[in-house]
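This structure is a prediction, so every number in the text was calculated from the model and none was measured. A note on names: the letters A, B, ... follow the listed sequences, proteins ahead of strands, and every chain is numbered from 1.
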Amino acid sequence: AQTVTQSQPEMSVQEAETVTLSCTYDTSENNYYLFWYKQPPSRQMILVIRQEAYKQQNATENRFSVNFQKAAKSFSLKISDSQLGDTAMYFCAFMPISNFGNEKLTFGTGTRLTIIP
Amino acid sequence: DGGITQSPKYLFRKEGQNVTLSCEQNLNHDAMYWYRQDPGQGLRLIYYSQIVNDFQKGDIAEGYSVSREKKESFPLTVTSAQKNPTAFYLCASGPLLRTTDTQYFGPGTRLTVL
């Protein structure tokens, strides 16, 4: 069984600053995906970024990037030039890779991020 | 527009009643999922289905039932056997392509037991 841990229940940062959200996971799988999802006050879950464990290169999506350390089982999210619209709950999630595809997601408990004007 | 719809947005249930939450997608995704979200606990998987007429229990299936008669639809029934059903319920779907395994979420249904 997999577990995902987000050790920062809440964080806040000034607008335009950079913030890093932490995530660690535990698994015996060698091939898997890792995700960061964002849940704003509307409660819609929005995919932020996705990382394949077999890729050494860290994923980036505009202002969002990850620091993936496979040996340490660490997957942090960096938000650069933070904006007010980044205020949300952020969830880290794990998915094993199977022959069938698109297995279940295991989520962390989330980090509530507040961007201060 | 392509997407995932859930209805109703808010649902109130009296104790002892069964209720059904709707989830529809027009993304041509094979896989569909139901998650439950409680404060401070993240999302937990209730049921999932990767093909029509087949589904699997997730981590917290007790007190819930599902059906998958059509590729586009994956309704969730919360039965009276579910001890604490008040929660936010999220439906998700995704393709079975392995190279792009990702799940996309609907807007959710807030269920309150009166």
Side-chain angles (χ1 to χ4, degrees), chain A residues 1-10 21-25 29 31-55 59 61 66 75 88-112, chain B residues 3-6 8-10 23 25 27-51 54-61 66 71 74 87-111:
Chain A
Q2 289 75 228
T3 59
V4 178
T5 302
Q6 294 179 249
S7 59
Q8 306 154 311
E10 295 189 20
L21 281 58
S22 300
C23 173
T24 58
Y25 58 95
E29 303 279 347
N31 292 321
Y32 47 88
Y33 301 107
L34 293 162
F35 303 85
W36 279 99
Y37 282 88
K38 165 185 176 180
Q39 188 178 43
S42 67
R43 305 199 76 174
Q44 173 79 54
M45 290 286 284
I46 301 164
L47 177 66
V48 175
I49 201 163
R50 175 177 177 271
Q51 173 78 43
E52 294 89 346
Y54 54 85
K55 290 186 178 178
E61 287 287 341
V66 298
F75 183 60
M89 281 288 287
Y90 286 81
F91 291 96
C92 178
F94 172 99
M95 179 193 291
I97 294 178
S98 73
N99 290 331
F100 206 72
N102 217 327
E103 293 293 336
K104 68 175 187 176
L105 285 165
T106 299
F107 285 86
T109 52
T111 295
R112 183 175 301 280
Chain B
I4 304 168
T5 58
Q6 291 186 242
K9 186 172 182 179
Y10 299 97
C23 178
Q25 55 96 2
L27 300 169
N28 199 34
H29 287 165
D30 289 292
M32 297 187 74
Y33 310 80
W34 275 105
Y35 293 89
R36 170 178 170 144
Q37 185 176 22
D38 295 282
Q41 293 195 43
L43 279 71
R44 293 180 290 167
L45 181 68
I46 304 171
Y47 269 98
Y48 67 108
S49 168
Q50 291 173 314
I51 55 174
D54 186 55
F55 46 83
Q56 307 295 327
K57 290 183 179 180
D59 300 318
I60 55 166
V66 294
K71 186 175 181 179
F74 191 43
F88 189 61
Y89 291 86
L90 285 155
C91 177
S93 72
L96 290 179
L97 297 175
R98 295 197 66 226
T99 55
T100 57
D101 285 347
T102 299
Q103 292 178 22
Y104 301 92
F105 286 81
T109 293
R110 173 70 182 176
L111 172 63

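When heavy atoms are compared at a cutoff of 4.5 Å, B:Leu43 approaches chain A by way of both its backbone and its side chain. Residue contact with chain B, scored on non-hydrogen atoms closer than 4.5 Å, involves the backbone and the side chain of A:Leu105 alike. Looking at B:Arg110, the atoms closer than 4.5 Å to chain A (heavy atoms on both sides) all sit in the side chain, from C-beta outward.
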* Quick one: do A:Gln2 and A:Val4 satisfy side chain to side chain contact (heavy atoms under 4.5 Å, CB included)? Show the steps, please. => CA-CA 7 Å; A:Gln2 289 75 228; A:Val4 178; 5.6 Å; no
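Paired with A:Arg112 under the rule side-chain contact (heavy atoms from CB on, under 4.5 Å), one option of A:Met89, A:Gln8, A:Gln39 passes, and it is A:Met89.
Relative to the six-membered ring of A:Phe107, B:Arg44 misses at least one condition, a distance below 6.0 Å or an angle of at most 45° to the axis.
Counting heavy-atom pairs closer than 4.5 Å to chain B, the top residue among A:Gln6, A:Met45, A:Arg43 is A:Arg43.
Between B:Phe74 and B:Tyr47, the distance separating the two ring centers is not shorter than 6.0 angstrom.
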